[in-house]
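One structure below.
Each chain gets a letter, A, B and so on, in the order the sequences are listed, and its residues count up from 1.
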Amino acid sequence: MALKDLKIVGKSVRLRDLDTHVRGQTTYYEDVRIPRMLHLKMYRSPHPHAKILKIDTTEAAKQPGVVCVLTHEDMPGKKTFTPLAAIGVAPEDEPILAFDKVRWKGEPIAAVVAESEAAAKAAAPKVKVTFEELPAVFDVEEALKAEAPIVTPWGKNYYQYPDDHAASQIRYGDVERAFAEADHIVEDKYQTKPIEHAPLETTGCVAKPEGNGRYTVYTNIQALYFALDNTAAIVGLSPAKLRFVGGTVGGGFGGKVDIQVEPIATLAAIKTKRPVKYKYSREDEMRVSSTRAAWRIYVKDGVMNDGRIVARKITTYQDAGAYIRLSSYGTMKHAGHMPGPYTIPNVSVDAYCVFTNRPPSSAMRGFGVMSGSYAIELQMDKIAAVTGVDPWQLRLINAYRNGDMKAHRKAADDAALVETIQAAAQLAGQALPADFAAMSSDDRKGG
Amino acid sequence: MPEYIRSGSVEEAVGLIAEHGSSLWIMGGGTIVMQVLESGADYWQYIMGLDGLALDGIERANGSWRLGATATATQIRAQPDLPALAAAARMVGGPALQNAATVGGNIYARSPQGDLAVVLLALDARLHLATADGEQAPSLGEFYDDWEAAGRTPPGLLTAIEFAEPAGEVVFMKCGRRRFNSASVISVAVNVAQKDGKVTEARIALCGAGPHAQRCAAAEEAILGGKLDDAAIARAAAAAAAACAPVTDTVASEWYRRRMVGVYLRRALAQLA
Amino acid sequence: MTTKVLRLNVNGEDTLVPVGPMATLQEVLRDKLELTSVKVGCAQGGCGSCSVLIDGELRLACLTPAEAADGCTVTTLEGLNESNSIVPIQQSFIENYAAQCGFCTPGMLVATKALLERNPKPSRDEIIEALSGNLCRCTGYLPIIKAVEDAAAALSGKQSA
Ligand SMILES: Cc1cc2nc3c(=O)[nH]c(=O)nc-3n(C[C@H](O)[C@H](O)[C@H](O)COP(=O)(O)OP(=O)(O)OC[C@H]3O[C@@H](n4cnc5c(N)ncnc54)[C@H](O)[C@@H]3O)c2cc1C
Ligand code: FES
Ligand code: FES
């Protein structure tokens, strides 16, 4: 289909809610008027790793305006969850409210519910918890050493993929043989940092009892029905008793998928029979909401003098922080992506989803993939420097073409990298030699 | 939550300060006070606003300037005859913040905030403090020395800030994370008078390089009495970088701040060479 | 807990509002007067999503104690919605796709209004500076700056180049 025949692609589409945005009339969860609302503030772990010996809420409960204080003892059923359990992620490792241990600084322990936000904020620090501090680990490779403090309940600081694999793996061709035959070996280590989404609207929700055993939850979650299912399972209600109202999100970017506020607010609404608002302050958002994970990526490539990459071996570590959330899924995406948009006949990937005592990381725009691309494209420039092949041409030579088999055993279709690079070169005023300008995703002529 | 109170006059305000001691907190534009209250701090019984005291005048007479303590950054940035101070006022947050932020509050701000204070130090400004024991008029430098010693308890109500028409040229520069509305990595202000190719007066102040804006004697000495050439400027920059004591925070590291003190002081002095 | 009654003129109407100690103008506008265009992005002066006009001057409602605004005229986007001068700005934001999640948009519009009131023909740099207290995490600032340029041109009666 020619570009000119496309109705949407290549054109800007006007958002439906622009009209209400510019009039200040878009209704975010916080804008719904709900009378007699209570406010919830969380007492959080001051330690990155500690045993909980005792939780004493008596003092906090006595503070002016406080209606109740919830701890793990108030959980009607299960005490832990993982947001993607419905699609097979396991085990349910994350406490809704911590009970035996805390594994990151900021982990929720006790929810203080009060008549006003100020009262809840003033009372939350009065919760008294006796901890026994434990050694903590903050580095992915340190965490995998035998002597490292154990972060997870299952005793290994990595996510266990099916068949007890310690890593999400790809094996394709014979990497070692190809290395032996390659003209050059190009190796490096890449490190990315955690990134906070910093949405302009912080994470929050209001849970409202409807008086008939049903609850309405107004929320800015990005995953409305995952949140509904998880909340139902945690508070012990049938999903039919919950109505989630949302979809209007003041910026999410993947930062609002973790289902951190809805279950506790709903539980508090059940206990108090009053609407309960649980909203992160800006400080909470920066300190305790998840981030994009930091990655440590080792790349070893076998390259021929003409620029062809004949083998790639990757060992890569995602810092998931203390709990799984969306990280095991991100690691799998990452593993599949590490050959990049290039056709490489011999590939080996070991991608570890590693647990440390850092705040849990989770989804963020292309998580797993962006960090991989960062490493891959820096690596491509290094290969260009080593082989003396022009960096544009190097990418065109290796770009996948329709029909090429990718390392994770899916043939490329709808490939457009060659054309994209050609268009980018044109925009950048970069002349390509005639044979490169004539390349196409439909055949491998010249590449 | 504390109670918001106002006073009808400076005398009454001083009386309230004396009466309530540390349970009263003075609020100018509130851009710092309100943040602290929002963070949950609850030591105070009273917040005393200064609106209604008419302390916001800016006057120039007999070779000296007098800024009322509640003059805002917006008012100051509109002073064409105070270009360095106006440039600093323009760098205090964004326009909405500048409409609230007062020069008085800036004196008490914690480093790296204090973009106005750093220029006022280079101008050798004098404070007018109304206290129960009468008016005090310390220089800004003396004020900071005492303030540190007194555990940062303000000794009274700041009513005005006064300084002589600068004899030399004054330059303010700020190293931020973006062009406008950026917390300072550091900022520098220099006030240098030259005669017959020699530096006759030098005041150099740094912000973001210690607990509050501070003069840097080592850098001043490096240029005093000689020609303001590349070598002298490099000596001053190196002396300032060596002498300063920046902190690491979310804006910048100690290492980076120290580097930027040198870089920005060199750039500021180069404008006068 | 002492409650005081404030006299405010909000969006053209004289209003008496009871406020608790050290309530912010933001709380009063949102919770008492239900003017929810005033957003709460940070409550610390850092984001501009609570921008309002106090006696015509651009201010941050979160850093303003309600009691300090006693006797003042306060304008929120709801109040501007009815005015002819805001409609071309709103139109320009729509045409330039200058909003995505929309959370920053009311603050952006109020800040734009304050700018154009003071300076009807701002340069690009002046626009960037005037909006520097208003953060947007979604859109990218370019469409927003373009929207303000176009709005200024439309309001001052000429077409933008
Ligand atoms: C988003 C944001 C960005 C900022 N960016 C900058 C920046 O770039 N550069 C910068 O320098 N600052 C910055 N600040 C800090 C602050 O806004 C300024 O320093 C401002 O000048 C403080 O003045 P204020 O009147 O608002 O202070 P207030 O909050 O009113 O008071 C601050 C302190 O000064 C004391 N005080 C105020 N007036 C008097 C008086 N007359 N007598 C005695 N004590 C008094 C108060 O008791 C309090 O301790 C920023 C703040 C925010 C929220
Ligand atoms: S909410 Fe007021 S500036 Fe962010
Ligand atoms: S549109 Fe989302 S913050 Fe601006």
Between [X] and chain A, with a heavy-atom cut-off of 4.5 Å, which part of the residue counts as in contact: side chain, backbone, both or neither?
{"X": "C:Leu77", "answer": "side chain"}
{"X": "C:Ala99", "answer": "both"}
{"X": "C:Val38", "answer": "neither"}
{"X": "C:Ile94", "answer": "both"}

Quiz item: Does a side-chain heavy-atom distance below 4.5 Å link A:Pro199 with C:Phe103?
Solution: no
Practice problem: Check the surroundings of atom CE in A:Met370: do more than 12 heavy atoms from other residues, nucleotides or ligands lie under 6.0 Å from it? | Solution: no
Exercise. Mark yes when over 12 heavy atoms from residues, nucleotides or ligands other than A:Glu377 sit less than 6.0 Å from its CD; otherwise mark no.
Key: yes
Quiz item: If you count heavy-atom pairs under 4.5 Å with chain A, which of C:Cys136, C:Gly41, C:Ala98 comes out on top?
Solution: C:Gly41
Quiz item: If every non-hydrogen atom of C:Pro106 is compared with every non-hydrogen atom of A:Gly24, which pair is closest and at what distance?
Solution: CG-CA, 4.0 Å
List, with distances to 0.1 Å, the donor-acceptor pairs found between chain A and chain C - the cut-off being under 3.5 Å and no angle criterion applied.
unit_1	atom_1	unit_2	atom_2	d
A:Ser12	O	C:Tyr97	OH	3.4
A:His21	NE2	C:Gln100	O	2.8
A:His21	NE2	C:Cys101	O	3.2
A:Val22	O	C:Gln90	NE2	2.9
A:Arg23	O	C:Asn81	ND2	2.8
A:Tyr28	OH	C:Cys101	O	2.5
A:Tyr28	OH	C:Gly102	O	3.3
A:Tyr28	OH	C:Phe103	N	3.1
A:Glu30	O	C:Arg30	NH2	3.1
A:Asp31	OD1	C:Arg30	NH1	3.2
A:Asp31	OD1	C:Arg30	NH2	2.9
A:Asp31	OD1	C:Lys39	NZ	3.4
A:Asp31	OD2	C:Lys39	NZ	2.7
A:Arg33	NE	C:Glu34	OE2	3.3
A:Arg33	NH1	C:Asp31	O	2.6
A:His197	O	C:Arg137	NE	3.2
A:His197	O	C:Arg137	NH2	2.6
A:Ala198	O	C:Arg137	NE	2.9
A:Arg282	NE	C:Gly41	O	3.0
A:Arg282	NH2	C:Gly41	O	2.8

Quiz item: Can you tell me how far the SG atom of C:Cys101 sits from the CG atom of A:Leu200, to the nearest 0.5 Å?
Solution: 6.5 Å
